[in-house]
Amino acid sequence: MIKFMKTTGLAIGIALVSFAAPIPAGAQDMELRIGPDGVRPVIRDRDRDTDRRGPPRMRGCSEREARAAAREAGLRDPEVVRVTPGRVVVEGFTRRGPDRITFANERGCPEI
């Protein structure tokens, strides 16, 4: 009778463990980074990773990029005067006087 109870208890224990086994492991949220300071664990939080960056950035030519491109083209004191979906207009001064440069409102600010 005791042998029957041991066998039944063992069978019930195995059955209970088999129901708990399908729980996914949390190891995917941990990452090991190797660098000059050695190996360090980094725990990633997926919810925080998606919300951390804020709203998506405009993919076109920003005012800052347009001013920098105008300086490289030879304009002094560049100022963005108009931004449309297709172009960015920058005014400034050259050696000859006031001048205007138009850039496409795309990544990299190509000059039109």
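All values derive from a computational prediction rather than experimental measurement. All residue numbers refer to positions in the sequence shown, counting from 1.
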(request) For C109 and A66, work out which heavy atoms get closest and say how close. (result) SG-N, 3.9 Å
(message) To the closest 0.5 Å, what do you measure between CZ (R71) and CG (D77)?
(response) 8.5 Å
(request) Go through the structure and list residues passing salt bridge (Lys or Arg N to Asp or Glu O under 4.0 Å) with R33, not counting sequence neighbours. (result) E31
(message) Assess the residue pair V88 and T102 against the criterion (side-chain contact (heavy atoms from CB on, under 4.5 Å)); give the C-alpha distance rounded to whole Å, side-chain angles, the decisive distance to 0.1 Å, and a yes or no.
(response) CA-CA 6 Å; V88 178; T102 304; over 6 Å; no
(request) Scan residues 83-101 for pairs that pass side chain to side chain donor-acceptor pair (under 3.5 Å), counting only residues two or more places apart or in two chains. (result) E91-R100
(request) Indicate the atoms forming the closest heavy-atom contact of P78 with V90, along with that distance. (result) CB-CG1, 3.7 Å
(request) Taking atom CD of E111 as the centre, report whether more than 12 heavy atoms of other residues, nucleotides or ligands fall under 6.0 Å from it. (result) yes
(message) So which atom in N105 and which in C61 form the shortest heavy-atom distance, rounded to 0.1 Å?
(response) OD1-N, 2.9 Å
(request) Nearest 0.5 Å please: distance from the CZ atom of F93 over to the CD atom of E79. (result) 9.0 Å
(message) Starting from V89 and following side-chain heavy-atom contacts under 4.5 Å between hydrophobic residues (I, L, V, M, F, W, Y), which residues can be reached?
(response) V81
